[in-house]
Amino acid sequence: VQLQASGGGLVQAGDFLRLSCAASGRTFSSVTMGWFRQAPGKEREFVAAIMSGGSTYYSNSVKGRFTISRDNTKNTVYLQMNSLKPEDTAVYYCAADPSVGKWLHPTSYHYWGQGTLVTVSS
């Protein structure tokens with residue numbers, strides 16, 4: 001089972017990026033998928049999650065700017081990031097299949113991608 005995150009890069013404040021997370025090795029359409037991020041010197045934090053039924057949840061820091069979505073036909077989850085801020089700079093990780101009801105907690109996820117770096121300059 002593999003999760004491959006991509007789409008990171010260097011952008012200016014106010015710009016946008018779309019991250020992708022392609023899953024292989026099994027079908028993830030029936031599980032919750034999440035995005036987390038980790039800035040230098042900080043703990044990994046929750047960004048967004050999407051349930052198998054399509055319900056979405058966001059951290060307060062990204063709500064209204066980021067959108068998580070999934071394409072089950074492609075076994076892929078996306079994170080559309082608009083109005084990026086310098087404080088969004090971090091390595092972004094996708095994750096899959098958390099323990100039931102614990103999608104906020106990074107330690108509860110069973111599968112992780114390798115991370116993609118997003119750098120937002122001011």
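Everything quoted here is computed from the prediction, not taken from an experiment. Numbering starts at 1 and runs along the sequence shown.
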Engineer: Do any side-chain atoms of residues 115-122 form donor-acceptor pairs under 3.5 angstrom with protein atoms, and if so which ones, sequence neighbours left out?
Structural biologist:
{"residue": "Thr116", "atom": "OG1", "partner": "Gly8", "partner atom": "N", "Å": "3.0"}
{"residue": "Ser121", "atom": "OG", "partner": "Val11", "partner atom": "O", "Å": "3.3"}

Engineer: Can you confirm whether the side chains of Ser59 and Ser61 place a donor and an acceptor under 3.5 Å from each other?
Structural biologist: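 Ser59 vs Ser61: donor-acceptor pair found between side chains.
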Engineer: Indicate if Leu19 and Met33 have the same hydrophobic cluster label, given that clusters are the connected sets of ILVMFWY residues with side-chain heavy-atom separations under 4.5 angstrom.
Structural biologist: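 Leu19 and Met33: one cluster.
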Engineer: Quick check: is Val47 connected to Tyr111 through a chain of hydrophobic side chains (ILVMFWY, heavy atoms under 4.5 Å apart)?
Structural biologist: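 Per the 4.5 Å side-chain linkage, Tyr111 and Val47 are co-clustered.
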Engineer: Hey, is CD on Gln114 packed in by over 12 heavy atoms from elsewhere, all under 6.0 Å?
Structural biologist: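 More than 12 heavy atoms, drawn from other residues, nucleotides or ligands, come within 6.0 Å of this atom.
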Engineer: Taking the inter-plane angle between the rings of Phe36 and Trp112 on a 0 to 90° scale, is it parallel (under 30°), tilted (30 to 60°) or perpendicular (over 60°)?
Structural biologist: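 Ring orientation, 0 to 90° scale: tilted.
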Engineer: So if you build clusters from Ile, Leu, Val, Met, Phe, Trp, Tyr with side-chain heavy-atom gaps below 4.5 Å, do Tyr58 and Trp103 land together?
Structural biologist: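 No, Tyr58 does not connect to Trp103 through the hydrophobic network.
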Engineer: My understanding is that only one of Ile50, Ile68, Val62 makes a side chain to side chain contact (heavy atoms under 4.5 Å, CB included) with Leu79; could you say which?
Structural biologist: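 Among the candidates, only Ile68 passes.
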Engineer: Please list all pairs meeting disulfide (SG to SG under 2.5 Å) that have one or both residues in residues 38-122, counting only residues at least two apart or in different chains.
Structural biologist: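 Qualifying pairs, neighbours excluded: Cys21-Cys94.
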Engineer: Roughly how far, to the nearest 0.5 Å, is the OG1 atom of Thr32 from the CZ atom of Arg70?
Structural biologist: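 Answer for the CZ-OG1 pair, Arg70 versus Thr32, is 7.0 Å.
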Engineer: Is Asn75 reaching over with its side chain to a backbone N or O of Arg26, donor-acceptor style, under 3.5 angstrom?
Structural biologist: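 Side chain of Asn75 to backbone of Arg26, a donor-acceptor pair under 3.5 Å: yes, one is there.
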Engineer: With side chains defined as the heavy atoms from C-beta onward, is the minimum distance between Met81 and Arg65 less than 4.5 Å?
Structural biologist: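 SC-SC contact between Met81 and Arg65 ruled out.
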Engineer: Once you round to the nearest 0.5 Å, how far does OG of Ser30 lie from CE of Met51?
Structural biologist: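 Going from OG on Ser30 over to CE on Met51, the span is 13.0 Å.
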